[in-house]
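First comes the structure, then the notes that go with it.
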Amino acid sequence: MKFTKISLITTFVPTIIMLMFALVSFTNIFTIEDGKGLFVIGLLLIFPLLFIGQGCACAFGKGNLLLAVAVSTLSFFSIILLFLNSSALFYIILYLIVAFFAYGITLFSQKIQNQAKNNTL
């Protein structure tokens, strides 16, 4: 398997963002007043958007979906082990569903666009 620069970005940037978000939220690196509130925003908004972005980017042919989602899932699992409790395991399932749904919707929209182009020619 050959890695291109864009496939490496698709695979590892969401993981790096998640880990940075967790470190900023749960450690006193930057002395943020409400670090836990910041992490809740990440948990409910930022992380799902990262998984959606990964699904869409992989559907556009910029990476391997299974590898990208596996790396991000392992990253989130390590965040759960270090900073959260086991009740957050539900989010892994939710994020996986979101990533595969985004991948499917993007592929479907590409197929519709290609059919529309072929019909107009």
Side-chain angles (χ1 to χ4, degrees):
M1 172 188 233
K2 183 182 174 192
F3 284 109
T4 62
K5 188 183 290 187
I6 195 74
S7 68
L8 288 173
I9 290 170
T10 303
T11 303
F12 293 109
V13 166
T15 298
I16 293 168
I17 292 172
M18 280 193 283
L19 291 173
M20 287 174 45
F21 221 83
L23 287 174
V24 168
S25 299
F26 289 109
T27 61
N28 289 329
I29 293 175
F30 298 114
T31 60
I32 295 174
E33 294 275 332
D34 191 21
K36 305 258 190 290
L38 180 66
F39 189 75
V40 170
I41 291 170
L43 196 63
L44 299 177
L45 182 67
I46 305 296
F47 295 172
L49 289 176
L50 290 172
F51 276 86
I52 288 170
Q54 268 187 329
C56 292
C58 290
F60 283 123
K62 305 297 183 197
N64 183 345
L65 177 69
L66 294 177
L67 178 64
V69 170
V71 169
S72 292
T73 302
L74 287 174
S75 168
F76 184 69
F77 188 72
S78 67
I79 292 170
I80 290 173
L81 290 177
L82 292 173
F83 301 114
L84 303 172
N85 58 25
S86 62
S87 65
L89 287 172
F90 166 75
Y91 288 106
I92 290 177
I93 297 166
L94 182 68
Y95 296 159
L96 289 174
I97 291 170
V98 165
F100 287 114
F101 187 71
Y103 181 78
I105 292 293
T106 305
L107 282 181
F108 184 70
S109 67
Q110 284 180 334
K111 185 176 179 181
I112 289 174
Q113 287 176 352
N114 288 338
Q115 286 178 352
K117 284 181 185 178
N118 291 337
N119 289 339
T120 59
L121 296 177

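Computed from a predicted structure; not experimentally measured.
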> So which of Val69, Leu67, Leu74 actually passes side chain to side chain contact (heavy atoms under 4.5 Å, CB included) with Val71?
Replying inline: Leu67
> Could you give all pairs that pass the ring pair (Phe, Tyr, Trp, His ring centres under 6.0 Å) test and reach residues 51-86, with sequence neighbours left out?
Replying inline: Phe26-Phe83, Phe47-Phe76, Phe51-Tyr95, Phe76-Tyr95
> Tell me, which pairs form a side chain to side chain donor-acceptor pair (under 3.5 Å) where one or both residues lie in residues 40-56, sequence neighbours left out?
Replying inline: Gln54-Ser72
> Any side-chain heavy atom of Cys58 sitting closer than 4.5 Å to one from Thr10?
Replying inline: yes
> Got a sec, which residues hit side chain to side chain contact (heavy atoms under 4.5 Å, CB included) with Ala88, two or more places apart in sequence or on another chain?
Replying inline: Ile80, Leu84, Tyr91
> Got a sec, which residues hit side-chain hydrogen bond (donor to acceptor under 3.5 Å, both in side chains) with Ser87, two or more places apart in sequence or on another chain?
Replying inline: Asn85
> Looking at residues at least two apart in the chain, or sitting in another chain, which of them share a side chain to side chain contact (heavy atoms under 4.5 Å, CB included) with Leu19?
Replying inline: Thr15, Ser75, Ser78, Ile79
>> If I take atom CD1 from residue Ile17 and atom CD1 from residue Ile46, how far apart are they, to the nearest 0.5 angstrom?
In response: 8.5 Å
> Apart from Phe101 itself, what residues make up its hydrophobic cluster when side-chain heavy atoms of I, L, V, M, F, W and Y under 4.5 Å apart count as a link, directly or indirectly?
Replying inline: Ile105
>> Test of understanding: with side chain to side chain contact (heavy atoms under 4.5 Å, CB included), list the residues that count as partners of Ile112, not counting sequence neighbours.
In response: Phe108
> So which heavy atom on Thr106 is nearest to which on Ala102, and how close?
Replying inline: OG1-O, 2.7 Å
> What's in the same ILVMFWY side-chain cluster as Ile97, cut-off under 4.5 Å, chained through other members?
Replying inline: Ile93
